[in-house]
Amino acid sequence: MRKLTLPLLLALPLLSGCIAKTAWDVATLPVKAGSQVVDWTTTSQEESDRNYGRKMREKEAREGKERRKHEKECRKRPETCESYDGYRASTPD
């Protein structure tokens, strides 16, 4: 019995640090989890700007495609050609 007690007493300071670290991790886990959920549910300004830029590029590509189609039709039938009044990516100020 004494042979087991001595190594256990010597290892106790090492284990207490490990136990304290584990207790700290368990105590801070809800805070970390909560902040991660907030991070997942909110959109950063950088992400918002990136999404807006992507959306505008897609709209401009659509407008360009429709304008080219309109110009092609005008070249085929110039007598029926009118000014472009199709899709516009953004409205002028």
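Just the heavy atoms: all of them, side chains too, but no hydrogens, waters or symmetry mates, feed the values below.
With a 6.0 Å radius and a threshold of 12 heavy atoms from other residues, nucleotides or ligands, Gln36 has its CD atom above the threshold. More than 12 heavy atoms of other residues, nucleotides or ligands shown are found within 6.0 angstrom of CD on Glu47.
Rounding to the nearest 0.5 Å gives a distance of 9.0 Å between CD of Glu71 and SG of Cys81.
Through ILVMFWY side-chain contacts below 4.5 Å, Leu29 is grouped with nothing and stands alone.
In this model, a donor atom of one side chain and an acceptor atom of the other lie less than 3.5 Å apart for Asp49 and Gln45.
Classification of Glu58 and Arg62 as a salt-bridged pair fails, no side-chain N sitting under 4.0 Å from a carboxylate O.
Considering only heavy atoms from C-beta on, Lys69 stays 4.5 Å or farther from Lys65 through its side chain. Looking at Lys59 and Glu63, their side chains never come closer than 4.5 Å, going by heavy atoms from C-beta outward.
Nearest heavy-atom pair, Tyr87 versus Glu66, reported as atom, atom and distance to 0.1 Å: CB-OE1, 3.1 Å.
Judged purely by atom type and a 3.5 angstrom limit, His70 has no side-chain atom pairing as donor or acceptor with the backbone of Asp85.
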